[in-house]
Amino acid sequence: MEYRLPRVNQVQVNSKIGLNFSSILRTFLRQDPDVILIGEMRDQETVEIGLRSALTGHLVLSTLHTNDAVDSALRMIDMEAPGYLVASAVRAVLAQRLVRRICSDCGQDAALEPGQKAWLETRFPFYNNHVFRRGRGCHSCNFTGYKGRIGVFELLEMRQDIMDALRQNNAVLFTQLARKSEGYKPLVESAMDLALAGKTSIDEVLLLGEGEVLDVLN
């Protein structure tokens, strides 16, 4: 569904007539917009036009399909955008995932399963004795134990050392610096905050930390 908003121009992509992301972006730039919203950066040409638009003073907002905020910058480099261009243009990346919210009508305290306990002992040992909640299942939630969803967010702000690592095309150093940067909280930790507050279950947290779970269980 699209909404008509005042002072906002929207263009629908139509590849059959050559109206693609890159041609639309070029046309937008000729009109000197203040803000450009790109539905998705999906190829090298779109990424480079978006990044260069940001360098010329435009505020560019876009989406990428990646697992987390750190992978977003690396994804643009994978699409052959130069590291120095990504470092110069990107200011922040916000990752979002949705987790299911425990039903308020049937939520109850729940004991941890052995696999969950093993993962918590490794990843969050200080919460191992916490009593988490889970939905029992009722008519209100169609016996799923969940009703509605809630957002989990991860924000990565680009600092000078992180940008320098990108300019050097050093993906390993970039990842290390990004994950240790001030204010950065991984998606799994944000989900854990919701589980501690009784808003979602430990199962939903495990889904976000699935790779870590497999390492523990193996």
Side-chain angles (χ1 to χ4, degrees), residues 7-11 13 15 18-99 123 151-193 207-212 215:
R7 301 183 63 191
V8 175
N9 296 323
Q10 303 181 58
V11 178
V13 172
S15 57
L19 193 62
N20 51 34
F21 273 90
S22 56
S23 62
I24 292 172
L25 273 176
R26 290 193 185 93
T27 304
F28 275 175
L29 290 175
R30 295 190 188 102
Q31 300 178 40
D32 193 26
D34 297 318
V35 182
I36 301 175
L37 176 60
I38 305 172
E40 178 189 349
M41 288 187 170
R42 59 181 65 183
D43 54 44
Q44 178 190 5
E45 191 173 20
T46 304
V47 169
E48 287 209 22
I49 293 174
L51 293 175
R52 295 187 187 281
S53 300
L55 289 177
T56 57
H58 301 88
L59 174 60
V60 180
L61 306 173
S62 186
T63 63
L64 282 167
H65 287 285
T66 60
N67 291 325
D68 55 30
V70 176
D71 286 344
S72 295
L74 300 178
R75 172 67 178 139
M76 285 186 276
I77 293 176
D78 287 340
M79 288 191 285
E80 300 183 6
Y84 70 87
L85 190 58
V86 177
S88 300
V90 177
R91 289 293 170 262
V93 181
L94 180 67
Q96 172 188 289
R97 294 283 292 274
L98 295 174
V99 295
R123 187 65 172 80
V152 177
F153 305 97
E154 172 185 303
L155 177 64
L156 172 64
E157 296 184 82
M158 305 298 284
R159 300 182 326 196
Q160 188 61 50
D161 54 347
I162 297 175
M163 291 188 289
D164 289 342
L166 281 179
R167 291 189 179 96
Q168 299 165 12
N169 289 319
N170 192 332
V172 175
L173 179 60
F174 166 77
T175 301
Q176 292 174 347
L177 293 174
R179 296 196 185 282
K180 294 178 181 178
S181 62
E182 183 179 357
Y184 173 80
K185 178 183 285 189
L187 287 168
V188 66
E189 293 186 12
S190 296
M192 176 57 75
D193 289 342
L207 287 175
L208 288 179
E210 187 174 358
E212 300 176 8
D215 290 339

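Legend: residues meeting side chain to side chain donor-acceptor pair (under 3.5 Å) with Gln31, ordered by chain and number and at least two apart, are absent. When the salt bridge (Lys or Arg N to Asp or Glu O under 4.0 Å) test is applied to Glu157, no partner is found at least two apart in sequence or on another chain. Remark: Arg52 engages Glu48 in a salt bridge (Lys or Arg N to Asp or Glu O under 4.0 Å) (not counting sequence neighbours). When the side chain to side chain donor-acceptor pair (under 3.5 Å) test is applied to Thr46, the partners found at least two apart in sequence or on another chain are Asp43.
Remark: the backbone N or O of Asp71 is not paired with any side-chain donor or acceptor of Thr66 at under 3.5 angstrom. A donor-acceptor pair is defined here as one N or O able to donate and one able to accept, closer than 3.5 Å; such a pair exists between the side chain of His58 and the backbone of Ser53. Using a distance-only test at 3.5 Å, with no hydrogens or angles considered, no donor-acceptor pair links the side chain of Ser23 to the main chain of Leu19.
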Pair up each side-chain donor or acceptor in residues 80-93 with any protein partner under 3.5 Å, not counting sequence neighbours, and list the distances.
residue	atom	partner	partner atom	Å
Ser88	OG	Tyr84	O	2.8
Arg91	NH1	Ser88	O	3.3
Arg91	NH2	Ser88	O	3.1

Under 3.5 Å, which donor-acceptor pairs do the side chains of residues 172-185 form with other protein atoms, sequence neighbours left out?
residue	atom	partner	partner atom	Å
Thr175	OG1	Ala171	O	2.9
Arg179	NH1	Tyr184	OH	3.0
Arg179	NH2	Asp68	OD2	3.2
Ser181	OG	Ala178	O	2.7
Tyr184	OH	Glu154	OE2	3.0
Lys185	NZ	Asp193	OD2	2.7

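Taking the side chain as every heavy atom from C-beta outward, Ile162 and Leu156 approach each other to under 4.5 Å. Counting only heavy atoms from C-beta outward, the side chains of Leu166 and Ile77 approach each other to under 4.5 Å. A heavy-atom distance below 4.5 Å is not found between the side chains of Ser62 and Glu40. Side-chain contact between Leu51 and Met76: present, with at least one pair of heavy atoms (C-beta onward) separated by less than 4.5 Å. Using a 4.5 Å heavy-atom cutoff, the side chains of Asp34 and Leu59 are not in contact.
Between Arg75 and Asp78, none of the side-chain N atoms (NZ, or NE/NH1/NH2) sits under 4.0 Å from a carboxylate O, so this pair counts as no salt bridge.
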_Working note: Thr63 + His65, criterion side-chain hydrogen bond (donor to acceptor under 3.5 Å, both in side chains); need CA distance, chi angles, decisive distance, verdict._
CA-CA 7 Å; Thr63 63; His65 287 285; 5.6 Å; no
*Evaluate the criterion side-chain hydrogen bond (donor to acceptor under 3.5 Å, both in side chains) for residue pair Asp164 and Gln168; output intermediate values, then yes/no.*
CA-CA 6 Å; Asp164 289 342; Gln168 299 165 12; 5.8 Å; no
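Nearest heavy atoms, Ala191 versus Val152: N-CG1, 3.7 Å.
Here the CD atom belonging to Gln44 is positioned 10.0 Å from the CD1 atom belonging to Ile49, to the nearest 0.5 angstrom.
When each of Val188, Asn67, Leu208, Leu207 is paired with Arg97, the side chain to side chain contact (heavy atoms under 4.5 Å, CB included) condition holds for Leu208 and for no other.
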